[in-house]
Amino acid sequence: MERTFVMVKPDGVSRGLTSEILSRFEKKGYSLVGAKLLQMSEDLAQTHYEEHKERPFFNTLVAFITSGPVFAMVLEGEGVIAEARKMIGATDPKEAVPGSIRGDLAIKKSENVIHGSDSPESAVREISLYFNEDELIGNKAAQNV
């Protein structure tokens with residue numbers, strides 16, 4: 001069992017897509033083991049996107065992700081990291097296949113509805129940014145390490 005971090009971004013929350021997105025993961029068989037609606041601080045946003053700090057779009061990323069509430073969640077299941085990435089689809093909705101979350105629901109690359117961890121290491125890091133261990137339920141051994 002492994003865990004991954006998934007976040008519905010401000011555009012997805014404001015468009016009322018949170019329940020549809022969560023439903024897709026639950027229908028696939030993944031368990032929701034942690035969830036919260038929050039307004040991300042600038043400090044948290046900068047930490048979340050720190051690997052992009054030197055890129056020209058960094059400030060735009062931070063401004064967007066702090067522009068409204070996000071829905072942060074931890075999903076658990078066999079192969080959940082790789083499968084969630086497939087379900088999410090390509091970063092650019094124009095390149096995302098129909099049936100993927102971004103292919104069906106996202107409108108533009110800069111506001112693409114959802115974020116998902118891309119590796120076991122980033123899942124552990126991102127989960128710890130948003131959740132304390134006591135906020136998560138389920139298999140305590142599923143920690144991607």
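If you're wondering where the values come from, they're calculated on a predicted model, not measured in any experiment. We use all heavy atoms of the structure for the numbers below, so side chains are in, but hydrogens, waters and symmetry mates are not.
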*asked:* Please evaluate residues Met7 and Met40 with respect to the criterion side chain to side chain contact (heavy atoms under 4.5 Å, CB included), reporting the C-alpha separation (whole Å), side-chain torsions for both, the decisive distance (0.1 Å), and the verdict.
replied: CA-CA 11 Å; Met7 176 175 49; Met40 196 181 304; 3.5 Å; yes
_Could you walk me through whether Met73 and Ile21 satisfy the side chain to side chain contact (heavy atoms under 4.5 Å, CB included) test, starting with their C-alpha distance in whole Å, then the side-chain angles of each, then the deciding distance to 0.1 Å, before giving a yes or no?_
CA-CA 11 Å; Met73 59 185 136; Ile21 291 169; 4.3 Å; yes
_Test side chain to side chain contact (heavy atoms under 4.5 Å, CB included) on Leu32 and Leu75; report intermediate values, then the result._
CA-CA 5 Å; Leu32 180 67; Leu75 300 171; 4.1 Å; yes
*asked:* One pair to check against side chain to side chain contact (heavy atoms under 4.5 Å, CB included): Leu44 and Tyr130. What are the steps and the verdict?
replied: CA-CA 9 Å; Leu44 178 57; Tyr130 296 88; 3.5 Å; yes
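Ser100 places no side-chain N or O within 3.5 Å of a backbone atom of Ala96 that could act as its donor or acceptor partner. Formation of a donor-acceptor pair under 3.5 Å by the Glu135 side chain with backbone atoms of Asn132 is found in this model. Using a distance-only test at 3.5 Å, with no hydrogens or angles considered, a donor-acceptor pair links the side chain of Arg102 to the main chain of Ile114.
Expressed to the nearest 0.5 Å, how far OG1 of Thr66 lies from CD of Gln39 amounts to 7.0 Å. Taking NZ from Lys108 and CG from Asp11, the interatomic distance works out to 9.0 Å, rounded to the nearest 0.5 Å. The NE2 atom of His48 lies 12.0 Å from the OG atom of Ser41; values are rounded to the nearest 0.5 Å. Summarising the geometry, atom OG belonging to Ser31 is positioned 13.0 Å from atom CZ belonging to Phe25; distances are rounded to the nearest 0.5 Å. Atoms CG and OG1, on Leu22 and Thr18 in that order, are 8.5 Å from each other to the nearest 0.5 Å.
By the rule that hydrophobic residues join a cluster once side-chain heavy atoms approach within less than 4.5 Å of another member, Val97 and Leu17 end up as members of separate clusters. Neither Ile107 nor Ile101 shares a network with the other; the hydrophobic side chains, linked directly or stepwise wherever heavy atoms of I, L, V, M, F, W or Y lie under 4.5 Å apart, form separate groups for each. If you chain together hydrophobic residues whose side chains sit under 4.5 Å apart, Leu37 and Val6 fall into the same group. When hydrophobic clusters are built by joining Ile, Leu, Val, Met, Phe, Trp and Tyr residues whose side-chain heavy atoms come closer than 4.5 Å, directly or via intermediates, Ile127 is grouped together with Leu129.
Summarising the geometry of Ile65 relative to Lys9, their closest heavy-atom pair is CD1-CG, 3.8 Å, with the distance given to 0.1 Å. When every heavy atom of Glu42 is checked against every heavy atom of Val62, the shortest pair comes out as CG-CG1, 3.8 Å. The nearest pair of heavy atoms linking Asp118 to Ser122 is OD1-OG, 2.8 Å. Asp104 and Gly99 make their closest contact through OD1-N, 2.8 Å (heavy atoms, listed as atom of the first residue, atom of the second, distance). Here the closest heavy-atom approach between residue Ala123 and residue Ser117 is recorded as CA-OG, 3.3 Å. When all heavy atoms are compared, the tightest approach of Ala35 to Phe131 is N-CE2, 3.6 Å.
With salt bridges taken as basic N to acidic carboxylate O contacts below 4.0 Å, none links Glu126 and Arg3. Ion pair Arg24/Glu20 flagged as a salt bridge, since at least one NZ, NE, NH1 or NH2 atom sits closer than 4.0 Å to an Asp/Glu carboxylate oxygen.
At least one side-chain heavy atom of Met1 sits under 4.5 Å from a side-chain heavy atom of Glu78.
Here ring pair (Phe, Tyr, Trp, His ring centres under 6.0 Å) pairs that include residues 57-111, with residues two or more places apart or in two chains, are His52-Phe57.
Within a 6.0 Å sphere centred on CD of Glu54, other residues, nucleotides and ligands contribute 12 heavy atoms or fewer. Within 6.0 Å of atom NZ in Lys53, 12 or fewer heavy atoms from other residues, nucleotides or ligands are found, so the atom counts as exposed in its surroundings. Heavy atoms from other residues, nucleotides or ligands lying under 6.0 Å from CD of Glu50 number more than 12.
The aromatic rings of His115 and Tyr49 lie perpendicular to each other, with more than 60° between the two planes, well past the 30° mark.
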List the atom pairs, donor and acceptor, that lie under 3.5 Å between side-chain atoms in residues 79-94 and the rest of the protein, sequence neighbours left out.
| from | atom 1 | to | atom 2 | distance (Å) |
| --- | --- | --- | --- | --- |
| Glu83 | OE2 | Lys28 | NZ | 3.4 |
| Arg85 | NH1 | Gly116 | O | 2.8 |
| Asp92 | OD1 | Lys94 | N | 3.0 |

